[in-house]
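Count residues from 1 along the sequence.
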Amino acid sequence: MKGEIHDLEALLTFKNTKESLSAFTNGLSDQYLKEKIDEDGEEKTVIRKRCNRKTDHI
């Protein structure tokens, strides 16, 4: 049972959240998300406050 749980966790754990969501949504989420480095130097996926179509390229 532990092995099955580990396998399920591996399926649900995203190494790159933005890329995973992009794959699930066929790219529809790309315009709403961006990657940002936090104070600890870790990369986070955050929701864009605004989407400027002229400067934000998908």
Side-chain angles (χ1 to χ4, degrees):
M1 181 145 177
K2 282 186 179 181
E4 289 177 17
I5 291 172
H6 183 277
D7 292 343
L8 289 172
E9 286 176 342
L11 285 173
L12 298 173
T13 302
F14 305 131
K15 292 182 181 176
N16 185 317
T17 305
K18 185 176 180 217
E19 285 182 16
S20 298
L21 288 171
S22 181
F24 283 132
T25 64
N26 248 357
L28 294 174
S29 63
D30 293 352
Q31 63 184 326
Y32 302 107
L33 303 174
K34 70 177 181 176
E35 292 173 337
K36 183 179 181 181
I37 306 296
D38 67 9
E39 308 85 41
D40 298 327
E42 295 199 27
E43 191 172 289
K44 302 286 182 181
T45 300
V46 297
I47 297 174
R48 291 181 190 264
K49 292 182 182 176
R50 294 185 181 185
C51 183
N52 185 345
R53 294 177 192 254
K54 292 182 181 177
T55 60
D56 291 342
H57 299 286
I58 297 175

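- In the displayed structure, Ile37 atom CD1 is contacted under 6.0 Å by more than 12 heavy atoms of other residues, nucleotides or ligands.
- Side-chain atoms of Asp40 do not come within 3.5 Å of backbone N or O of Glu42 as any donor-acceptor pair.
- A pairwise comparison of heavy atoms in Ser22 and Asp30 identifies OG-OD1, 2.8 Å as the closest pair.
- Legend: residues meeting side chain to side chain contact (heavy atoms under 4.5 Å, CB included) with Thr45, ordered by chain and number and at least two apart, are Thr17, Lys18, Leu33, Glu35.
- No single ILVMFWY cluster, assembled from side-chain heavy atoms under 4.5 Å apart, contains both Leu28 and Leu21.
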